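Here the structure comes first, spelled out in structure tokens, and everything after it is commentary.
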Amino acid sequence: MIASASVVLGTPLDPHSPQARAIADLFDDTLLVCAGIFALVTVLVTYAVFKFRDCKSPTPKQIEGHTRFEIGWTLAPVLVLVVIFFLTVRAVNGSDPPADRAPDITIIAHQWWWEVRYKSGAVTANEVHIPTGKALIVAVKSADVIHDFWVPDLGRKIDAVPGRTSTIWLQADSPGSYLGACAEYCGAQHAWMRILVVAEPEEQFAAWEHQTLEAPPPPESEAAVRGAQLFGQMTCVRCHAIHGEGGQAGPDLTHLAARSTLGAGVIQNTPEELKRWLKDPQDVKEGSHMPNVQLSDAQLADFVAYFETLK
Ligand code: CUA
């Protein structure tokens, strides 16, 4: 598993999907057109500066009302804009999904994490697995305020608006991990709303999806068994589900131990960091909706032992 700390936010200028490439191509083409105009203007201005220097003092011939020039410098910008218009339409067609296809994955933005639901019923959080080379449709929603889903290497941004479903393509050319972020200010922890897209060959993806649908293995050690009991007795289940049992206000924990980070990227998912998170979530991610439930050291140890079995 690749830790998201080793994966940095990509750039739209280095696209890893056909949809991102459509946008990068539009940028490149527009930059070329602008560079051409810049070069032309630079040459003309330089020529005029030298040709009509004050010391030589020639007064340029006046051409006011010159019909051919008037038509020329009206038509030239119109043509440039027409070209850019068609390049833009091409990029929009290449990067926006059709409206009539059912989504493969639903991503619901929350303050401050991402809920991920697959057509198969698989549920996860802050990590999206996809098969490489397949154009998937993602429905993007919000559970609270306006967020924005953005994986720079893989495509355009899309707002997650409460009460509305937007769709976006999600595709990766080659296996790898691509980091995304929330791109719309959404409150205190907007900066820690990372999402990791893990692209895998079809077979590996199918194995991951199968594994994600399975119940985690039952806890074996005494500490883990105690942790599982605590989870059921305390308030955890009001917000967190494990294999379908529990609330949905917080991230699904069924396969928590298989994820690379905690708190939507704020810390690495190691037993030490998990313990630090459970001891005081507000110390790790201030403003997070996970309260400090004042666990004793013994309870912390039991919870960590249990959560580490959730593979
Ligand atoms: Cu969610 Cu910014």
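Everything numeric in this text was worked out from a predicted model, so none of it was measured. Worth knowing before you read on, the calculation uses all heavy atoms, side chains too, and leaves out hydrogens, waters and symmetry mates. Atoms within each ligand, like the ligands themselves, are counted from 1 in listed order.
Between H129 and F205, a ring centre-to-centre spacing not shorter than 6.0 Å is recorded.
When distances from atom 2 (Cu) of ligand 1 to the N, O or S atoms of H190 are compared, ND1 comes out shortest.
Taking atom 1 (Cu) of ligand 1 as the apex, the angle formed with SG of C186 and SG of C182 is 120°, to the nearest 10 degrees. The angle subtended at atom 1 (Cu) of ligand 1 by SD of M193 and ND1 of H147 is 90°, given to the nearest 10°.
Between the side chain of Q299 and the backbone N or O of S296, at least one donor-acceptor pair lies under 3.5 Å. Between the side chain of E184 and the main chain of F149, no donor-acceptor pair closer than 3.5 Å is present. Using a distance-only test at 3.5 Å, with no hydrogens or angles considered, no donor-acceptor pair links the side chain of R259 to the main chain of L256.
At a cut-off of 2.8 Å, E184 coordinates atom 2 (Cu) of ligand 1 through an N, O or S atom.
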